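Heads up, the thing below is written out as structure tokens.
Keep in mind that what you see is a predicted model, and the values were worked out from it rather than measured. Residue numbers start at 1 and run along the sequence shown.
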Amino acid sequence: MSVIELQDVSRIYKIGEVETAALRGVNLTIDEGEFTAVVGPSGSGKTTMLQLMGCLDRPTSGRVRISGQDVSQLNANKRADLRKGTIGFVFQFFALIPGLTAYENVELPLLLSGAKKAERRERANDLLEEVGLTERARHRPDQMSGGEQQRVAIARALAIDPVLVLADEPTANLDTENGRQIMELMQRLNEETGTTFVFATHDPRVFPYARRVVEVRDGQVSHNSKHA
């Protein structure tokens, strides 16, 4: 079953009289349970592609389907509703709320979704245990290392039990060892939960972890290969 379908998708940004084509006629299908890297140099269009997959933006033309639903023309509120129950995000700069503890950051998506307190507590504690941070549950982001913060971000992304996790440059601000640990963690969670992971990166260190590599250049898919 496909989780993401991009059908002849283009995204054009216009500033004044200048138009820039970030994506040009992209066709791509990603199936349930895949662990996919979208790779390419800065400005290639990979982040724009993730924004469309994550319903953070709409295509200029073409269709985007998430779990079979055409989201191409949904307004901002409907896209937000879909994201809230379907998609988890992991960002390059972690994007944790500074004043909240690790536990509270992971709990927040559950709170917003209306989950009861006991359910929130059990789910947040279980996820912190999964990412190896039970002992750091009461620490704020400024009391944790970059690697620990990214682990919290991954736990938060999984809190709503999403069908899809999108990670934009998840290792860019980490050293080699922490980057390796984050990729191994995401890989393990993908295998154990069956959650689809798509991550954009230009870091060649993480390419070997992907079971599929989609290369983007000049707004188009230039290479698409699967690995055993």
Nearest atoms (heavy-atom pairs only) where Val71 meets Cys55: CG2-SG, 3.9 Å
Electrostatic pair Glu148-Arg136, nearest N-O below 4.0 angstrom: yes
Counterpart residues, salt bridge (charged side-chain N to carboxylate O under 4.0 Å, His left out), relative to Arg180 (two or more places apart): Glu177, Glu184
Least distance between heavy atoms, Thr201 atom then Glu169 atom: CA-OE1, 3.4 Å
Considering all heavy atoms, the nearest Ala159-Val106 contact: CB-O, 3.6 Å
Listed partners of Asp168 passing side chain to side chain contact (heavy atoms under 4.5 Å, CB included), at least two apart: Thr47, Leu50, Ala200
Where His202 and Lys46 come nearest, the two heavy atoms and their spacing: N-CE, 4.1 Å
Between Asp203 and Thr171: side-chain donor-acceptor atoms closer than 3.5 Å: yes
Solution key, residues 124-135 side-chain donor-acceptor pairs under 3.5 Å, sequence neighbours excluded:
{"residue": "Asn125", "atom": "ND2", "partner": "Arg121", "partner atom": "O", "Å": "3.1"}
{"residue": "Glu130", "atom": "OE1", "partner": "Arg188", "partner atom": "NH1", "Å": "3.1"}

Under 3.5 Å side-chain donor-acceptor pair for Thr36 and Glu34: yes
Shortest non-hydrogen contact from Thr196 toward Gly33: OG1-N, 2.8 Å
Donor-acceptor contact below 3.5 Å, side chain Asp57 vs main chain Gln51: no
Non-neighbouring partners of Phe35 that pass ring-ring contact (aromatic ring centres under 6.0 Å, His included), sequence neighbours left out: Phe197, Phe199
Salt bridge (charged side-chain N to carboxylate O under 4.0 Å, His left out) against Glu122, all qualifying residues, sequence neighbours excluded: none
Check against salt bridge (charged side-chain N to carboxylate O under 4.0 Å, His left out), Lys117 and Glu119: CA-CA 5 Å; Lys117 185 175 182 179; Glu119 180 185 348; over 6 Å; no
Candidate list Asn224, Val38, Val39, test side-chain contact (heavy atoms from CB on, under 4.5 Å), partner Val213, passing option: Val39
Axial cation check for Phe207 ring with Arg205, 6.0 Å and 45° limits: no
Side chain to side chain contact (heavy atoms under 4.5 Å, CB included) against Arg63, all qualifying residues, sequence neighbours excluded: Gln7, Arg65, Asp70, Ser72
Asn190 side chain to Arg211 side chain, donor-acceptor N/O pair below 3.5 angstrom: yes
Residue pair Pro141 / Pro98: nearest heavy atoms and the distance that separates them: CD-O, 3.4 Å
